[in-house]
J.: 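Take this structure, written in structure tokens, and hold onto it; I'll ask about it next.
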Amino acid sequence: MAIQSTITLNNGTVIPQIGLGVFRTPDGDTTVNAVQTALENGYRHIDTAMIYRNETSVGEGIRRSGVPRGDLFVTTKLWNDDIRAHRGKEAFQESLDRLGMDYVDLYLIHWPVAEAFEESWMELEKLYHEGRVRAIGVSNFQVRHLETILKNGTVVPVVNQIERHPLLTQEPLIEYCRAHSIEIEAWSPLGGTGGNLLQNETLVRLAAKYGKSPAQLVIRWDLQQDIVVLSKSVHEARIRQNADVYDFEITPEDMAAISALNQDLRTGADPDTFTF
Ligand code: A2P
């Protein structure tokens, strides 16, 4: 696997498997610097959202890096209030304006807002057919939400971006997505901000065995399962470390030991009960 391994999505779009996540990365210099640092260190994929309120700084970091737009993969997401207000088209244009771009690579429905996400999907399909976005997908969708889209839509989502880490392996949902050519993107892959996943004894022990950090072990565990990983850091050393995962291979036994840590434990909101 070369640095920046890629996955080909169901519409032929190629996505770099490691992306920088910027949830809870404050707007302004922190985001500008994190994005610029990531791009200078070989990242080619940035994952933001309207509700992170840092799209302007993401755009600025990209421009400062000097990396040509065509070499990058940029994702943003349609927020719940805009889904409820049926403002898909307008919200998309507002995101583009903040990013300072004329297209994004991937546009996602952020959460499966009841009685509204179906119509939003039609709006995303329209943007896709108009060539204003290279691919469309969903986030935080459960099987029943995906079934609705697959039944009523004409475009199959390219990805489902879900919370996923060794304590929440999401195997049944992943199996369903794979059976329908929907790739998985992992948010909070390291257990999220404020979590203590990386102190887990098994992960610490296995990481030491490979001469890697627990974060690198977990990222590698996702890569070996063909999952797109969106780790977040605002520190240069960690941003670099999180992409330095191509010089070791986790054995099948150790892959299974990591997956066996699953407790179906969420650190973020539950798609079945969220109230925002
Ligand atoms: P920071 O931004 O201060 O580096 P996730 O990717 O699951 O959302 O987790 C991100 C959290 O893990 C953030 O709090 C981030 O903090 C921290 N983090 C990111 N990379 C590493 C790393 N290599 N080692 C330890 N902590 C990390």
Side-chain angles (χ1 to χ4, degrees), residues 16-39 41 43 45-62 74-77 79-80 98 106 108 110-111 139-141 159-170 184-204 207 212-223 227-245 258 261-276:
Q17 216 182 338
I18 291 183
L20 181 76
V22 293
F23 179 43
R24 297 207 165 113
T25 306
D27 197 26
D29 286 349
T30 310
T31 294
V32 173
N33 292 336
V35 169
Q36 188 178 353
T37 300
L39 297 180
N41 284 282
Y43 286 65
H45 174 180
I46 309 288
D47 182 277
T48 186
M50 176 274 159
I51 198 63
Y52 303 170
R53 304 206 186 272
N54 55 18
E55 288 170 311
T56 306
S57 301
V58 166
E60 181 61 25
I62 288 172
V74 179
T75 300
T76 193
K77 312 184 190 90
W79 182 243
N80 301 358
R98 281 187 294 268
L106 178 59
L108 304 181
H110 207 149
W111 288 84
S139 184
N140 302 302
F141 274 42
V159 301
N160 186 15
Q161 183 181 126
I162 56 174
E163 181 179 349
R164 137 105 187 170
H165 44 70
L167 303 181
L168 180 69
T169 53
Q170 301 256 38
I184 300 296
E185 298 188 318
W187 63 258
S188 282
L190 307 177
T193 299
N196 57 6
L197 174 71
L198 301 177
Q199 279 97 57
N200 177 284
E201 271 178 34
T202 303
L203 296 179
V204 169
K212 289 289 182 177
S213 72
Q216 289 171 315
L217 181 81
V218 170
I219 291 168
R220 181 77 206 180
W221 167 78
D222 272 323
L223 294 189
I227 284 170
V228 176
V229 192
L230 304 169
S231 59
K232 175 259 171 192
S233 181
V234 296
H235 297 104
E236 177 163 5
R238 287 175 173 173
I239 289 172
R240 293 165 72 111
Q241 185 195 113
N242 294 347
D244 177 16
V245 289
I258 298 168
L261 296 173
N262 181 45
Q263 299 174 15
D264 293 331
L265 192 71
R266 292 183 185 275
T267 68
D270 187 331
D272 288 326
T273 56
F274 71 100
T275 54
F276 44 83

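Any value given below was found using the heavy atoms of this structure, including those in side chains, with hydrogens, waters and symmetry copies removed.
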J.: Between Ala186 and Asp222, what is the shortest heavy-atom contact and its length?
T.: CB-OD2, 4.1 Å
J.: Hey, what do you get for CG (Leu230) to CD1 (Ile46), rounding to the nearest 0.5 Å?
T.: 10.0 Å
J.: Ignoring hydrogens, what is the shortest heavy-atom contact between Thr31 and Pro26? Give both atom names and the distance.
T.: OG1-O, 2.6 Å
J.: Residues in ring pair (Phe, Tyr, Trp, His ring centres under 6.0 Å) with His165, at least two apart?
T.: none
J.: Are any of the side-chain heavy atoms of Ile184 and Gln170 separated by less than 4.5 Å?
T.: no
J.: Check whether any side-chain heavy atom of Phe141 sits under 4.5 Å from a side-chain heavy atom of Trp111, and report yes or no.
T.: no
J.: Backbone N or O of Asp29 within a donor-acceptor pair of the Asn33 side chain at under 3.5 Å?
T.: yes
J.: To the closest 0.5 Å, what do you measure between NE2 (His45) and CG (Leu106)?
T.: 7.0 Å
J.: Kindly indicate, with the supporting measurements, whether the criterion side-chain contact (heavy atoms from CB on, under 4.5 Å) is fulfilled by Val35 and Asn54.
T.: CA-CA 11 Å; Val35 169; Asn54 55 18; over 6 Å; no
J.: Considering non-hydrogen atoms only, spot the tightest contact between Ser233 and Leu20 and give its length.
T.: O-CD1, 3.9 Å
J.: Once you round to the nearest 0.5 Å, how far does CG of Asp264 lie from OG1 of Thr169?
T.: 6.5 Å
J.: To the nearest 0.5 Å, what is the distance between CG (Asn160) and CD (Glu185)?
T.: 9.0 Å
J.: Applying side chain to side chain donor-acceptor pair (under 3.5 Å), which residue pairs with at least one partner in residues 265-276 are found, sequence neighbours left out?
T.: Gln142-Asp272, Arg144-Asp272, Glu163-Thr267
J.: Could you report the tightest heavy-atom contact between Leu223 and Gln17, atom names first, then the distance?
T.: O-NE2, 3.2 Å
J.: With rounding to the nearest 0.5 Å, note down the distance linking CG in Leu167 to OG in Ser188.
T.: 11.5 Å
J.: Are Arg98 and Met50 close enough, and set up right, to give a side-chain contact (heavy atoms from CB on, under 4.5 Å), and what steps lead you there?
T.: CA-CA 9 Å; Arg98 281 187 294 268; Met50 176 274 159; 3.5 Å; yes
J.: When you compare the side chain of Val245 with that of Ile18, does any pair of heavy atoms fall below 4.5 Å?
T.: yes
J.: With heavy-atom distances below 4.5 Å as the criterion, would you say the side chains of Lys232 and Leu190 are in contact?
T.: no
J.: Quick one: are the ring centres of Phe23 and Trp187 less than 6.0 Å apart?
T.: no
J.: Taking Gln161's backbone N and O only, do any of them form a donor-acceptor pair with Ser139's side chain (distance below 3.5 Å, no angle check)?
T.: yes
J.: Atom OH of Tyr43 and atom OG of Ser231: how far apart are they, to the nearest 0.5 Å?
T.: 4.5 Å
J.: Where is the tightest heavy-atom contact between Val218 and Pro189, given as atom of each residue plus distance?
T.: CG1-O, 3.2 Å
J.: Side-chain contact, heavy-atom cut-off 4.5 Å: Pro166 with Asn200?
T.: no
J.: Only one of Glu236, Gln216, His235 clears side chain to side chain contact (heavy atoms under 4.5 Å, CB included) with Gln241; which?
T.: Gln216
J.: Could you verify whether a donor N or O on one side chain and an acceptor N or O on the other, from Thr56 and Asp27, lie under 3.5 Å apart?
T.: no
J.: On a heavy-atom basis, which atom in Ile239 and which in Ala34 lie closest, and how many Å separate them?
T.: CD1-O, 3.8 Å
J.: Side-chain contact, heavy-atom cut-off 4.5 Å: Lys77 with Ile51?
T.: no
J.: Could you tell me whether the side chain of Val58 reaches within less than 4.5 Å of the side chain of Thr25, counting heavy atoms only?
T.: no
J.: Apply side-chain contact (heavy atoms from CB on, under 4.5 Å) to the pair Ile258 and Thr202, showing each step before the final yes or no.
T.: CA-CA 8 Å; Ile258 298 168; Thr202 303; 5.7 Å; no
J.: side-chain contact (heavy atoms from CB on, under 4.5 Å) between Thr37 and Arg240: does it pass, once the steps are laid out?
T.: CA-CA 9 Å; Thr37 300; Arg240 293 165 72 111; 5.6 Å; no
